[in-house]
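The structure presented is a predicted model; accordingly, all values stated were derived computationally and were not measured. Every chain is numbered from 1 and lettered A, B, ... according to where its sequence line falls, protein lines coming before strand lines.
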Amino acid sequence: MAQKPSTPKGTRDFTPAEVAKRNYIFDKIKSQFEKFGFQPIETPSFENSETLMGKYGEEGDRLIFKILNSGDFLSKANEEAYKEKDSLKITSSISEKALRYDLTVPFARYVVQHQSEIEFPFKRYQIQPVWRADRPQKGRFREFFQCDADVVGSESLWQEVEFVQLYDAVFSELGLEGVTIKINNRKILSGFAEVIGEQDRLIDFTVALDKLDKIGEEGVKKEMREKGISEVALEKIRPIFSLKGSFSEKTEILSGILNSSETGKQGIEELKFVHRAISELTLKTAALELDVTLARGLNYYTGAIFEVAAPENVQMGSIGGGGRYDDLTGIFGLKNVSGVGISFGLDRIYLVMEELRLFPATVTQNTKILFINFGEAEALYALRAIQKLRSTGIAAELYPDAAKMKKQMNYANKREIPYVVLAGPEEVMAQRYGLKNMISGEQEKVSIEDLAKHLK
RNA sequence: GUGGUUGUAGCUCAGCUGGUUAGAGCGCCUGAUUGUGGUUCAGGAGGUCGCCGGUUCGAACCCGGUCUUCCACCCCA
């Protein structure tokens with residue numbers, strides 16, 4: 001063999017067994033989405049660059065895969081940028097399309113574009129791959145699937161409540177117990193910034209705060225100081241670094257810190273509302289936890305922020321996230337449409353389930369019975385039975401070549417096909433099929449009618 | 001994007017301070033067994049040592065670049 005071929009960095013092939021497991025997860029998510037009243041849409045894998053660029057911050061722009069224009073793109077390139085070797089500047093003149101980076105922004109585009117056909121509130125789900133030009137590492141790929149459910153056109157907090165239930169429903173269905181649904185509210189974060197008089201540094205502030213569990217209180221404070229946040233300000237919000245206790249106890253403390261901020265108080269009320277409803281309705285296997293350090297995610301969240309953490313004994317980043325964005329469609333010209341949504345990270349859920357061995361043994365669909373090929377006449381005789389078995393819903397197949405018995409048996413064995421039929425001249429004569437159980441090794445001769453019965 | 005790490009047979013890996021024809025286990029193929037797999041035994045095939053260049057009498061081994069793997073940062077599902 002010449003140079004061994006390979007997939008591009010950060011992408012993967014999926015074997016039959018992997019596809020079966022992935023479909024298992026997809027099916028569970030999909031069925032819950034539909035039970036909650038969401039309808040599927042799909043959008044193109046690539047969008048016009050201007051739809052995507054600038055929506056995810058500077059960092060996001062860098063991670064968007066750009067598609068080179070067709071034809072003689074260089075002759076139309078920005079001359080000045082080309083001479084200066086300014087990659088950033090030249091991009092817009094040689095690339096007009098880009099691979100989608102997430103499902104939320106294309107969805108916003110979809111809503112604005114189809115606004116006259118949509119009944120609001122619009123509940124849609126979307127399960128498609130997205131691409132990011134990131135450096136791969138564990139649980140991080142350059143091509144991965146997102147499973148999104150969003151509602152647009154309603155400001156009701158009952159949606160937030162339902163999304164918490166939806167997370168709980170999906171993970172319970174998957175047998176993935178003990179996940180933590182972390183919730184926070186952008187208004188609380190804004191409240192913090194307001195109280196310390198650093199509204200302008202909200203992003204810097206939240207990005208630093210988000211790292212609390214990773215770099216600790218001192219690390220966060222250090223980063224905040226470097227960003228220009230004063231010592232007095234840090235002292236004012238000190239309690240949030242060691243926020244402990246129940247949901248109610250936490251909101252109690254927050255009320256104390258945020259009593260001078262209207263926005264902050266509103267955030268607390270919203271959290272309390274969701275928490276009260278969930279306490280009343282109860283969750284199956286997940287836990288709802290208030291986490292004020294939760295700030296990551298796209299800077300368009302305006303209300304609730306969600307993130308789902310894998311069970312504690314697994315080392316994995318978040319396996320889901322979401323939140324409310326009051327003005328997402330605003331960037332495409334449609335004002336006053338509030339949306340809220342959540343996302344499931346299929347690839348990471350897969351890794352977690354694999355690690356915890358949560359896939360049922362039955363996910364892999366396999367051929368139930370293989371007919372040994374003895375030659376032309378016998379093959380035809382076998383296909384008669386195969387036809388019949390298939391019509392009753394049994395996956396059956398004929399080995400395509402009249403190869404040596406050993407080779408054919410070996411094939412059945414390797415593929416873990418549980419039954420083999422040996423029907424040579426003798427069986428054809430007697431109008432019987434030699435049915436062999438590959439696990440027990442037992443063998444018997446049965447009629448075509450009895451074949452199916454034996455496989456049940 | 002920054003710093004580090006990895007690459008030898010289909011797979012998992014040995015390969016001494018640079019020194020003849022680069023090894024093992026598993027897998028694969030053939031036969032023992034021309035109508036019976038998973039066990040056993042005998043034999044066999046399979047490698048531009050990631051790629052390009054440099055140093056050297058001589059490179060899998062040293063140096064540079066590049067691609068890939070994994071990790072940390074950034075960011076994120």
Side-chain angles (χ1 to χ4, degrees), chain A residues 1-12 25 29 56-64 87-88 101-104 127-148 167 203 206-208 210-211 214-215 219 223 294-299 306-310 315-323 341-352 370-375 378 399 402-428 434-443 445:
Chain A
M1 189 171 37
Q3 191 64 46
K4 245 183 280 178
S6 65
T7 59
K9 185 200 283 219
T11 66
R12 303 145 297 160
I25 301 175
I29 292 176
Y56 309 101
E58 203 177 314
E59 186 69 16
D61 282 358
R62 206 194 75 212
L63 298 177
I64 292 173
S87 308
L88 219 57
Y101 176 90
D102 73 355
L103 300 178
T104 309
I127 299 178
Q128 289 190 283
V130 302
W131 295 269
R132 297 184 186 177
D134 210 354
R135 285 241 179 135
Q137 44 181 283
K138 186 179 182 184
R140 280 178 103 158
F141 308 98
R142 300 185 116 183
E143 175 182 65
F144 61 96
F145 269 80
Q146 286 192 332
C147 314
D148 276 26
Y167 266 139
I203 299 289
T206 52
V207 165
D210 187 49
K211 294 177 189 164
K214 205 168 187 177
I215 59 177
E223 185 163 330
L294 183 59
R296 54 169 62 177
L298 311 171
N299 17 24
F306 296 111
E307 184 170 303
V308 182
Q315 189 74 36
M316 179 61 67
S318 64
I319 55 177
I342 59 171
S343 180
F344 291 82
L346 180 275
D347 299 270
R348 287 189 176 177
I349 293 170
Y350 181 101
L351 290 172
V352 171
L370 178 81
F371 285 67
I372 301 295
N373 191 328
F374 283 86
E378 292 83 2
Y399 193 89
K404 282 192 181 121
M405 166 94 39
K406 179 173 173 139
K407 192 174 170 120
Q408 300 193 43
M409 293 297 284
N410 222 325
Y411 180 77
N413 204 45
K414 290 276 163 59
R415 279 189 57 195
E416 298 184 312
I417 296 172
Y419 291 96
V420 158
V421 168
L422 298 105
E426 211 177 286
E427 284 81 1
V428 174
L435 179 64
K436 177 169 176 134
N437 181 320
M438 290 297 278
I439 297 153
S440 66
E442 284 165 18
Q443 207 166 324
K445 292 194 179 176

### Message
Would the distance check show the side chain of A:R132 and the main-chain N or O of A:Y101 forming a donor-acceptor pair, the cut-off being under 3.5 Å?
### Response
yes
### Message
Has A:Q408 got a side-chain atom pairing as donor or acceptor with A:A403's backbone, closer than 3.5 angstrom?
### Response
yes
### Query
Mind checking what makes side-chain contact (heavy atoms from CB on, under 4.5 Å) contact with A:V130, not counting sequence neighbours?
A:R100, A:L103, A:F144, A:Q146
### Message
Run the side-chain contact (heavy atoms from CB on, under 4.5 Å) test against A:R62 and tell me which residues pass, sequence neighbours left out.
### Response
A:E59
### Query
Given pairs defined as Watson-Crick or G-U wobble with both distances under 3.5 Å, what dot-bracket annotation applies to RNA chain B, with ( ) intrastrand, [ ] crossing, | other strand and . unpaired?
((((..(..((((.....[...)))).(((((.......))))).....(((((..]....))))))..))))....
Are [X] and [N] close enough that a side-chain N or O sits under 4.0 Å from OP1 or OP2?
X      : N     : value
A:K414 : B:C28 : yes
A:K406 : B:G37 : no
A:K211 : B:C75 : yes
A:Q137 : B:A72 : yes
A:K404 : B:G31 : yes
A:K214 : B:A72 : no

### Query
Which is true for A:Y411 with a 4.0 Å heavy-atom rule: it touches a base, it touches only sugar-phosphate, or it touches nothing?
nothing
### Query
Base, sugar-phosphate, or nothing: which does A:S318 touch, judged by heavy atoms less than 4.0 Å apart?
sugar-phosphate
### Task
Please state how far atom CZ in A:R140 lies from atom P in B:C75, giving the value in whole angstrom units.
10 Å
### Query
Per the atom types in the model, does the base of B:G35 pair as donor or acceptor with the side chain of A:Q408 at under 3.5 Å?
no
#### Entry: Pairwise P distance for B:A60 and B:U8, with rounding to whole Å
15 Å
